[in-house]
Amino acid sequence: MSHIVVIRSYKPGDEINCKELIKAGIMSSLNTTFFGIVFKELTFQLMILFAAIMFIFFGLPLTVCVLVIPLVIFLVYVGTYIGFTAKAMEVNEEISNIPRVYMSNAFSCFWVAEAFESYIMTHNPKNTHYTVMTEQQFRDSNIDISSQVKRIVGTVALCKSYRLDKGAWIKRLYVHQQYKRKGIASCLINVAVQFAIDQGYSCTNLVSSEYTEGGRELCLKKGFELQQIYHKPILGSLITILMCELTYQIKPGGDDYVPAAYSKSMLNQ
């Protein structure tokens with residue numbers, strides 16, 4: 001039997017694994033973001049500006065002024081690292097309060113993707129086939145998991161938006177690096193959107209950075225549309241990244257509208 005991944009609602013005791021997974025997910029894009037910022041035009045302008053100031057106003061030799069290039073790169077990395085660390089700490093505080101933030105009312109929820117694997121895993125998860133299913137599908141399947149161990153490999157959450165009229169936010173969408181490209185993220189999004197439909201939301205939005213193209217492309221394929229683009233500060237206004245807000249319109253024409261793309265059958269795909 002192939003290994004399985006079950007998308008289920010959060011249960012007490014999941015916090016530690018969720019914290020580790022989400023922190024790793026946040027920090028995984030640190031280097032990509034850093035290199036993206038380094039090669040931006042603004043960074044080159046800062047290098048030239050600092051070098052010119054040192055050469056013109058302080059009369060330093062040109063060879064010394066060139067040293068400003070690695071200095072700026074180092075400062076960009078430090079600033080990016082501080083920004084990502086602060087974000088990880090903020091999210092860690094949120095994950096410590098999942099029952100209050102996401103499970104205390106009927107209009108929000110937090111889900112995890114839980115992998116069931118053999119006690120002795122002889123293959124790398126990247127090279128292993130996984131069958132992804134919802135919690136209800138798992139119950140109906142009567143699959144024997146007595147000889148398998150469990151591991152949380154993905155998360156997603158949905159909560160009410162106080163900015164969007166009858167809207168919701170999809171948040172904390174993360175999948176372990178070794179379990180990507182197996183349909184887990186797709187199923188997590190399906191479950192979150194179906195929940196939004198069931199709760200009567202008119203739309204559901206999510207945000208991705210310019211350095212997480214894979215997740216953005218997946219959402220666009222599922223019918224999400226680009227809502228707006230804005231710059232998010234990482235370290236004040238000196239270091240920023242481009243953010244894309246995507247939206248999925250659930251009820252564009254009226255309260256009885258249910259998008260075909262997210263009918264119940266979508267959860268089986």
Side-chain angles (χ1 to χ4, degrees), residues 18-96 126 153-157 163 169-181 185 205-220 224-247:
C18 288
K19 285 180 180 179
E20 293 176 353
L21 175 65
I22 293 177
K23 180 181 179 181
I26 293 173
M27 302 305 290
S28 66
S29 59
L30 169 63
N31 290 336
T32 304
T33 304
F34 162 67
F35 285 114
I37 294 173
V38 164
F39 289 105
K40 282 187 174 181
E41 182 180 354
L42 176 61
T43 306
F44 288 107
Q45 290 175 348
L46 288 174
M47 292 177 183
I48 295 173
L49 176 62
F50 289 156
I53 291 174
M54 293 171 66
F55 181 73
I56 296 173
F57 294 98
F58 295 95
L60 297 176
L62 187 60
T63 52
V64 176
C65 295
V66 172
L67 294 176
V68 77
I69 295 176
L71 176 62
V72 171
I73 292 175
F74 174 75
L75 292 176
V76 168
Y77 182 83
V78 171
T80 306
Y81 183 84
I82 291 173
F84 271 72
T85 302
K87 179 63 176 179
M89 292 175 63
E90 175 188 335
V91 174
N92 183 72
E93 182 67 23
E94 177 187 299
I95 300 305
S96 299
K126 288 184 177 180
V153 299
T155 63
V156 73
R163 178 172 65 84
W169 284 106
I170 292 178
K171 304 173 66 176
R172 310 308 167 221
L173 177 60
Y174 297 100
V175 175
H176 192 285
Q177 193 68 29
Q178 292 185 315
Y179 294 81
K180 291 185 175 181
R181 301 186 182 279
N205 288 22
L206 59 81
V207 173
S208 69
S209 79
E210 59 184 306
Y211 305 113
T212 54
E213 293 184 5
R216 185 166 64 255
E217 290 299 318
L218 173 61
C219 292
L220 291 173
F224 283 77
E225 298 178 350
L226 182 62
Q227 179 78 4
Q228 65 171 323
I229 298 175
Y230 60 93
H231 288 274
K232 179 180 179 181
I234 296 295
L235 189 65
S237 59
L238 292 177
I239 302 178
T240 64
I241 58 175
L242 198 65
M243 304 297 292
C244 299
E245 182 178 334
L246 305 177
T247 183

Using a 3.5 Å cut-off and no angle test, enumerate the donor-acceptor pairs between side-chain atoms of residues 169-176 and protein atoms at least two apart in sequence or in another chain.
residue : atom : partner : partner atom : Å
W169    : NE1  : S161    : OG           : 3.1
R172    : NE   : E94     : OE2          : 2.8
R172    : NH2  : E94     : OE1          : 2.9
H176    : ND1  : Q178    : N            : 3.0
H176    : NE2  : R151    : NH2          : 3.0

Working to the nearest 0.5 Å, report the span between OG of S208 and CG of L218.
10.5 Å
On a heavy-atom basis, which atom in I26 and which in A88 lie closest, and how many Å separate them?
CD1-CA, 3.9 Å
For atom OH of Y230, decide whether the heavy atoms of other residues, nucleotides or ligands shown that lie under 6.0 angstrom number more than 12.
yes
What is the distance from atom CD1 of I69 to atom CE of M47, rounded to the nearest 0.5 Å?
6.0 Å
Which is it for N31 and Y77 under the side chain to side chain contact (heavy atoms under 4.5 Å, CB included) test, yes or no, and what are the steps along the way?
CA-CA 9 Å; N31 290 336; Y77 182 83; 4.0 Å; yes
Shortest non-hydrogen contact from G154 to L21?
N-CD2, 3.3 Å
Is R163 atom CZ crowded by more than 12 heavy atoms from other residues, nucleotides or ligands, each under 6.0 Å away?
yes
Rounded distance [0.5 Å steps], CE in M54 versus CG in L60
5.0 Å
If the condition is side-chain contact (heavy atoms from CB on, under 4.5 Å), which residues does T32 pass it with, not counting sequence neighbours?
Y211
Starting from the C-alpha separation in whole Å, work towards a yes-or-no answer on side chain to side chain contact (heavy atoms under 4.5 Å, CB included) for L246 and R216.
CA-CA 8 Å; L246 305 177; R216 185 166 64 255; 3.8 Å; yes
Rounded distance (nearest 0.5 Å) linking atom CG of L226 with atom CG of L220
7.5 Å
Hey, mind stepping through I73 and F34 against side chain to side chain contact (heavy atoms under 4.5 Å, CB included) and telling me if it holds?
CA-CA 9 Å; I73 292 175; F34 162 67; 3.7 Å; yes
How about M89: does its CE atom have over 12 heavy atoms from other parts shown lying under 6.0 Å from it?
no
Can E210 and T33 be said to form a side chain to side chain contact (heavy atoms under 4.5 Å, CB included), step by step?
CA-CA 8 Å; E210 59 184 306; T33 304; over 6 Å; no
Minimum heavy-atom separation for F35 to F39, with atom names?
O-CD1, 3.0 Å
In short, Q227 meets T247 closest at the heavy-atom pair OE1-CG2, 3.2 Å
Measure the NZ-OG distance between K180 and S28 for me, rounded to the nearest 0.5 Å.
5.0 Å
Output the distance between atom CZ (F224) and atom CG (N205), rounded to the nearest 0.5 Å.
8.0 Å
